[in-house]
*Asks:* 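Got a structure for you, questions after.
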2 protein chains.
Amino acid sequence: MPQANSPTKGRKETRIQKKNRAAILDAALDVFSAHGFRGSTVDQIAKASGLSKPNLLYYYPSKEEMFTALMSNLMDTWLDPLREMQSDGDPMTEILSYVDRKLQMSREFPRESRLFANEIVQGAPRMLETLATELKDLVEEKALVIQGWMDAGQLNQSHPKHLMFSIWALTQHYADFDIQVRTLMGAEDPYDAAPHHLETIFRRLLQPS
Amino acid sequence: MPQANSPTKGRKETRIQKKNRAAILDAALDVFSAHGFRGSTVDQIAKASGLSKPNLLYYYPSKEEMFTALMSNLMDTWLDPLREMQSDGDPMTEILSYVDRKLQMSREFPRESRLFANEIVQGAPRMLETLATELKDLVEEKALVIQGWMDAGQLNQSHPKHLMFSIWALTQHYADFDIQVRTLMGAEDPYDAAPHHLETIFRRLLQPS
DNA sequence: CTTGAGTTTGACCAGTTGGTCAAATCCGTG
DNA sequence: CACGGATTTGACCAACTGGTCAAACTCAAG
């Protein structure tokens with residue numbers, strides 16, 4: 001009984017493998033982001049992807065592996081906006097652009113945002129390693145950049161890491177708490193005013209006085 | 001077979017009922033906040049409360065009812081800080097005090113914060129009604145108060161609802177994303193700098209220019 | 001068209017889970 | 001201390017869940 005190679009060690013991916021793996025991960029994103037890892041069943045993902053349960057397990061040998069494959073696939077994309085923040089740009093522009101990109105991601109990829117939120121709220125049992133290495137390295141690097149801007153007087157003094165937390169909190173809130181935001185705003189689209197609101201917050205916070 | 005009365009319609013609660021119900025809800029808070037509704041088992045709650053599973057179900061007839069009892073018990077406490085915001089106080093003081101109280105709640109009641117976060121991230125399947133009535137009424141009321149302050153020139157113009165979202169996002173982030181925040185901050189206690197950081201953000205945002 | 005690797009699935013299994021129930025035990029009150 | 005309601009639990013059940021497996025089917029290359 002041949003087994004579909006895992007995407008990492010696989011030599012050549014067939015047309016069918018490519019299509020099915022994509023369908024599975026998209027369905028898994030739907031289901032995991034809506035119910036969390038424990039709250040999701042392989043059957044739900046099977047139904048959502050249009051494949052049978054044993055067929056899912058032919059491509060990914062366990063529910064756990066579906067989840068981790070999904071997570072590591074997404075992690076890079078998720079951190080891209082922060083990576084794009086360049087130390088040689090204009091500080092205020094760099095920060096505000098980062099905020100804007102991050103808000104765009106909440107709007108365009110709310111499932112991804114909720115997937116991470118679910119995982120982290122529950123203590124990140126399957127992601128702690130990544131947080132402590134990949135994310136931490138990136139954060140330390142960018143915190144130094146921001147600190148440099150502040151020391152040079154190009155931005156108001158503030159705590160770089162808390163600044164980053166604030167950017168994440170404010171932007172991701174619109175994706176993670178979408179149902180609450182929309183319930184409270186009624187017909188008005190949250191994203192009409194959010195970009196201007198967030199820009200104002202960070203411009204006022206960081207504008208040197 | 002007598003059945004313990006539900007707390008709402010129960011005439012007199014015995015000493016034992018009082019103690020056990022409290023133990024159950026505290027254990028349920030531990031478990032539900034850490035794993036979400038679907039990810040928690042009645043057995044886990046039983047173990048955490050020191051009671052047997054059938055005994056739990058003697059006090060609360062289903063897992064669902066444990067959850068909703070817990071939720072409605074907590075909802076009032078959770079909204080208290082916002083209720084305390086008085087229209088006849090000094091606007092800046094009222095807002096900053098609200099931010100401070102909300103941050104304190106994240107510090108003192110992280111389980112409660114994560115319980116709500118879990119529920120809302122997953123679309124609030126068991127709480128949408130409460131959001132749409134109790135919370136919405138309160139938010140509409142306070143949005144008017146804030147709008148009044150802004151129209152009177154006592155605060156900078158801003159979007160009152162987005163302002164409230166920002167307060168929630170920034171304060172609850174420290175409880176809901178605790179594991180991430182602590183992983184990235186290392187030995188430094190997040191709550192050392194958070195109060196000052198948040199005060200600065202909102203003071204700069206709202207200070208009339 | 002053959003062929004063999006790649007793909008798909010129905011049937012199945014063992015462990016878990018929410019919930020039930022009758023019997024046993026506890027406990028405040030008359 | 002006797003009694004009846006309150007409390008507790010071991011044993012049990014049906015549904016669900018993650019995962020297995022052998023057999024059947026598909027498909028591209030020769």
Side-chain angles (χ1 to χ4, degrees), chain A residues 1-25 27-28 30-32 34-71 125-126, chain B residues 1-25 27-28 30-32 34-71 125-126:
Chain A
M1 175 207 348
Q3 177 87 3
N5 293 319
S6 98
T8 44
K9 67 181 175 191
R11 204 52 69 90
K12 311 165 187 181
E13 219 181 12
T14 71
R15 173 182 60 86
I16 294 178
Q17 278 173 29
K18 201 167 187 172
K19 187 192 61 172
N20 282 349
R21 267 195 229 281
I24 291 171
L25 288 189
D30 258 3
V31 175
F32 282 136
H35 309 290
F37 180 80
R38 185 68 156 60
S40 304
T41 71
V42 179
D43 257 325
Q44 287 176 324
I45 301 174
K47 228 149 252 168
S49 68
L51 301 178
S52 68
K53 184 169 67 156
N55 206 8
L56 285 211
L57 294 164
Y58 168 73
Y59 287 101
Y60 294 94
S62 71
K63 179 182 166 186
E64 185 91 27
E65 291 221 13
M66 277 175 226
F67 188 83
T68 54
L70 186 57
M71 277 301 206
R126 275 164 283 269
Chain B
M1 177 206 350
Q3 177 86 2
N5 294 319
S6 99
T8 44
K9 67 183 174 191
R11 205 51 69 92
K12 311 165 188 181
E13 221 181 11
T14 72
R15 172 182 61 88
I16 294 178
Q17 277 172 28
K18 201 168 187 171
K19 188 193 59 171
N20 282 349
R21 266 195 231 280
I24 291 171
L25 288 189
D30 257 3
V31 176
F32 282 137
H35 308 290
F37 179 80
R38 185 64 158 60
S40 304
T41 72
V42 179
D43 257 324
Q44 287 176 325
I45 301 174
K47 227 149 253 167
S49 68
L51 301 177
S52 67
K53 184 169 70 158
N55 206 8
L56 283 210
L57 293 164
Y58 167 75
Y59 287 101
Y60 294 94
S62 70
K63 179 182 165 186
E64 184 91 26
E65 290 221 14
M66 278 174 225
F67 188 84
T68 54
L70 184 58
M71 276 302 206
R126 277 162 284 268

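Just the heavy atoms: all of them, side chains too, but no hydrogens, waters or symmetry mates, feed the values below. First the proteins, then the strands, lettered A, B, ... as listed; each starts at 1. This one's a predicted model, so the numbers in the text were calculated from it and none came from an experiment.
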*Asks:* Would you mind telling me which of dT8(C), dT20(C), dA6(D) lies closest to the side-chain atoms of Y58(B)?
*Replies:* dA6(D)
*Asks:* Does anything in residues 37-47 of chain B come within less than 4.0 Å of DNA chain C? Heavy atoms only, and list the residues if so.
*Replies:* S40(B), T41(B), V42(B)
*Asks:* Could you tell me whether the side chain of I16(B) reaches within less than 4.5 Å of the side chain of R21(B), counting heavy atoms only?
*Replies:* no
*Asks:* So does N20(B) get a side-chain nitrogen or oxygen closer than 4.0 Å to the phosphate oxygens (OP1/OP2) of dT8(D)?
*Replies:* yes
*Asks:* Taking all heavy atoms of A69(B) and all of L25(B), pick out the closest pair and write down the distance.
*Replies:* CB-CD2, 4.5 Å
*Asks:* Closest approach of L70(A) and A28(A), non-hydrogen atoms and distance?
*Replies:* CD2-C, 3.9 Å
*Asks:* Taking OP1 and OP2 of dG18(D), is either one under 4.0 Å from a side-chain nitrogen or oxygen of S62(A)?
*Replies:* no
*Asks:* Start at the 5' end of DNA chain D and walk down; is the nucleotide closest to K19(B) or to K53(B) reached first?
*Replies:* K19(B)
*Asks:* Rounded to the Å, how far apart are L56(A) CG and dG19(D) C1'?
*Replies:* 12 Å
*Asks:* Report for the helix from dC1(C)-dG30(D) to dG30(C)-dC1(D): angle between first-end and last-end helix axes, five pairs each, rounded to 10 degrees.
*Replies:* 10°
*Asks:* For N55(B), check side-chain contact (heavy atoms from CB on, under 4.5 Å) against everything at least two apart and list the hits.
*Replies:* L51(B), S52(B), Y58(B), Y59(B)
*Asks:* Could you tell me the separation between the OH atom of Y60(A) and the C1' atom of dT8(C), rounded to a whole number of Å?
*Replies:* 17 Å
*Asks:* Does T14(A) reach the side chain of K19(A), with side-chain heavy atoms less than 4.5 Å apart?
*Replies:* no
*Asks:* If you look at every heavy atom in A46(B) and L56(B), which pair is closest and at what distance?
*Replies:* N-CD1, 3.6 Å
*Asks:* To the nearest 0.5 angstrom, please state how far the OG atom of S62(A) sits from the CZ atom of F67(A).
*Replies:* 12.0 Å
*Asks:* For nucleotides 26-30 of chain C, print each protein N/O atom paired with a nucleotide N/O atom at under 3.5 Å, atom names and distance only.
*Replies:*
from: dG28(C); atom 1: OP1; to: R15(B); atom 2: NH2; distance (Å): 2.6

*Asks:* State which of dT7(D), dT7(C), dG19(C) makes the closest approach to the side chain of N55(A).
*Replies:* dT7(C)
*Asks:* How long is the line joining NE2 of H35(B) and C1' of dT17(C), in whole Å?
*Replies:* 15 Å
*Asks:* Can you name the residues that form a side-chain contact (heavy atoms from CB on, under 4.5 Å) with A34(B), not counting sequence neighbours?
*Replies:* none
*Asks:* Please give me the minimum heavy-atom distance between K63(A) and R38(A), naming the atom from each residue.
*Replies:* NZ-O, 4.0 Å
*Asks:* As a test of reading the structure: which of dA6(D), dT7(C), dT20(C) is closest to the side chain of L57(B), going by heavy atoms?
*Replies:* dT20(C)
*Asks:* Could you check whether the rings of F32(A) and F37(A) sit parallel, tilted or perpendicular, using 30° and 60° as the cut-offs?
*Replies:* parallel
*Asks:* For the pair made of CZ in F32(B) and P in dG18(C), what is the distance, rounded to whole Å?
*Replies:* 9 Å
*Asks:* Tell me, please, which residues at least two apart from A23(A) pass side-chain contact (heavy atoms from CB on, under 4.5 Å).
*Replies:* none
*Asks:* Tell me: NZ of K18(A) to P of dT7(C), nearest whole Å?
*Replies:* 14 Å
*Asks:* With a 4.0 Å cutoff (strictly under), does any side-chain N or O of Q17(A) reach OP1 or OP2 of dG6(C)?
*Replies:* no
*Asks:* Nearest 0.5 Å, please: how far is NZ in K53(A) from NZ in K47(A)?
*Replies:* 10.0 Å
